[in-house]
Protein chains: 2
Amino acid sequence: MDLTEHIAAIPLFEGLPDPQIEELTDIVVDQTFKRGQSIFSDGDPATGFYVVVNGKVKIYKSSPDGKEQILHIFGAGEAFGEVPMFAGGHFPANADTLEQTRLFFFPRAGFVDLIKQEPMLAMNMLGALSRRLRMLAALVDNLSLKEVPGRLAAYILHVSEADDSPDVVELAISKGQLASLLGTIPETLSRILAKMSSQGIMTVDGKKVSIIDRRKLAELAESGKLPT
Amino acid sequence: MDLTEHIAAIPLFEGLPDPQIEELTDIVVDQTFKRGQSIFSDGDPATGFYVVVNGKVKIYKSSPDGKEQILHIFGAGEAFGEVPMFAGGHFPANADTLEQTRLFFFPRAGFVDLIKQEPMLAMNMLGALSRRLRMLAALVDNLSLKEVPGRLAAYILHVSEADDSPDVVELAISKGQLASLLGTIPETLSRILAKMSSQGIMTVDGKKVSIIDRRKLAELAESGKLPT
DNA sequence: GAGGAGTCTTGATTTAAGTCAAGGACACCG
DNA sequence: CGGTGTCCTTGACTTAAATCAAGACTCCTC
């Protein structure tokens, strides 16, 4: 598969006419990062945005004393780092790879012109940002209105929905990373997983989570509380 | 001031040629809400979006047991409820007025076509959504990585920046609403305001907050802790 | 297959902030 | 005025989750 095909397959560029795809092919920078590398940091000036070809990238905020809150994890086909192109000029969060990752970098210069010429591209971009907003609103909801068991339940159900064998969910990330995504720490996550298992809501084996009582899980996700 | 002038003055429509402004004038619905009314609820199907002409609107998530987390408060000239036009079709949060509020409602039908025809409008919209994302990312950061005193400090500094007499900040909202915006409850906010006053960081008189020790405030906002 | 790093679990303890409850300040209205 | 409602404050108590600390497991590499 050559570069042009790869680019044409990116959802953000869906519906773009061939000449524009070619134009993108000309300006793209193909980059590969090792696991655990930083792509950019909160506050860095932005000169373009990225699309994940393969691998995984976490977008996160961090506090001076080293705690991290993951905002999003992006996989193949997803774009990130677009915000500074339209507002502010610097990245609003950090980005690190979670595994070896190949990225396409699109320099800002020229890309904005392309958006102005291609309504389809603008619409795709608006869709992407809107979905991101929706997702962040859900994260705030979880962090602020639910306790950790509720957040975990919501997460499992969410992953389960996007799955074909919905009762056995494979966690795509480590439990430590999951804890950070849920706004907690590994110890707490571990305890809650243990408690939920012992209450017959699900079983956990490594990264494999099997849902036993989906109703109770849904109840929990709706801000219900886990009986002590 | 007639309708067309009002519409031309909305930041989102900046740079739009007159014929398009006229088009918007034709489709706009002028609405007035009393204080405390619901504009839409989380999950409602969306048929368009809104712009605040005057007044204040809070966008918030709420839990079954009645707790609320405010995501944003919009004032004159700001747009809200655009997300469902580009993703999902239903509103991702609730919207209520905080005082008597006049709104322009723009039906989805036709508006999307206008965006496709007017790159300037698309760019403005991308800018608006990007700023919103930035703001939500900051909220997550605050909720997850800072304690309540840190969030309050960050809020005060934020308001102070957007002000001309930066050392005396007038809170635009009630303390109860501020608590909800900071992800806490009025009792906690009250206690922390009292503690910060007693420590000589600032003085509080009703809605008027006077910053005394800006350095300490900035330190606190950076996830520092309030000495007990 | 032994050593080691990273990851996860479990236990004891602390702490920030939420809950429950009551009282005070203030404004608006008859 | 006195009354009623909203908003805010203060106090005593509870609780979810963080912290601190130690040990177990897994997966590499040598």
Side-chain angles (χ1 to χ4, degrees), chain A residues 34-36 58 62-69 96 98-100 142-153 171-198 203-209 220 223-228, chain B residues 34-36 58 62-69 96 98-100 142-153 171-198 203-209 220 223-228:
Chain A
K34 288 201 286 277
R35 168 196 164 93
K58 70 169 171 183
S62 66
S63 73
D65 51 319
K67 269 191 301 186
E68 290 183 0
Q69 170 67 50
D96 285 10
L98 286 177
E99 49 192 65
Q100 174 165 319
N142 283 334
L143 286 176
S144 170
L145 269 17
K146 291 179 192 159
E147 309 183 340
V148 179
R151 295 178 218 161
L152 175 60
L171 299 178
I173 52 178
S174 77
K175 289 184 187 159
Q177 296 297 327
L178 177 55
S180 170
L181 187 59
L182 297 179
T184 187
I185 55 173
E187 292 96 315
T188 298
L189 178 60
S190 187
R191 285 182 235 275
I192 286 165
L193 280 171
K195 197 183 272 186
M196 285 172 110
S197 297
S198 80
T203 62
V204 184
D205 177 24
K207 287 194 186 311
K208 211 175 71 211
V209 175
L220 209 51
S223 198
K225 307 203 189 287
L226 198 61
T228 315
Chain B
K34 287 202 286 277
R35 167 196 164 92
K58 70 169 171 184
S62 66
S63 73
D65 51 321
K67 268 192 299 186
E68 291 183 359
Q69 170 67 49
D96 286 10
L98 285 177
E99 50 191 66
Q100 173 164 320
N142 282 334
L143 286 175
S144 170
L145 301 175
K146 290 178 193 161
E147 310 183 337
V148 180
R151 295 177 218 160
L152 175 60
L171 299 178
I173 53 177
S174 78
K175 289 185 186 157
Q177 296 296 326
L178 177 55
S180 170
L181 187 60
L182 297 179
T184 186
I185 55 173
E187 292 96 316
T188 298
L189 178 60
S190 187
R191 285 183 236 275
I192 287 165
L193 280 170
K195 196 184 274 188
M196 286 173 110
S197 297
S198 82
T203 62
V204 183
D205 177 26
K207 288 195 185 311
K208 211 175 70 212
V209 175
L220 210 51
S223 198
K225 306 202 192 286
L226 198 60
T228 316

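Chain letters run A, B, ... following the sequence lines, proteins first, then strands; residues in each count from 1.
G183(A) comes within contact range of the sugar-phosphate backbone alone, with a heavy-atom separation under 4.0 Å but no base atom that close. Across all strands, R35(A) comes closer than 4.0 Å only to sugar-phosphate atoms, never to a base (heavy-atom distances).
Checked by distance alone, Q177(B) brings no side-chain donor or acceptor within 3.5 Å of a matching partner on the base of dC7(D). Evaluation of atom-type donor-acceptor distances gives a pair under 3.5 Å for the side chain of R191(A) against the base of dT19(D).
Side-chain contact between R151(B) and L181(B) is absent, with no heavy-atom pair separated by less than 4.5 Å.
An OP1 or OP2 oxygen of dA17(C) is reached within less than 4.0 angstrom by no side-chain nitrogen or oxygen of T188(B). Residue K67(A) places no side-chain N or O under 4.0 Å from the OP1 or OP2 atom of dA18(D).
Scanning for salt bridge (charged side-chain N to carboxylate O under 4.0 Å, His left out) contacts around E187(B) gives an empty result, with sequence neighbours left out. Residues meeting the side chain to side chain contact (heavy atoms under 4.5 Å, CB included) test with K58(A), sequence neighbours left out: Y60(A), E68(A), I70(A), I73(A), D96(A), L98(A), Q177(A).
Atom NZ of K208(B) has 12 or fewer neighbouring heavy atoms from other residues, nucleotides or ligands inside a 6.0 Å radius.
In the set dT9(D), dT19(D), dA17(C), the nucleotide with an atom closest to the side chain of T184(B) is dA17(C). Comparing dT9(C), dC8(D), dA17(D) by their nearest atom to the side chain of E187(A) picks out dT9(C).
The line from CD of E99(A) to OG of S174(A) is 11.0 Å long, rounded to the nearest 0.5 Å.
Axis angle across the helix from dG1(C)-dC30(D) to dG30(C)-dC1(D), with five pairs used at each end and values rounded to 10°: 30°.
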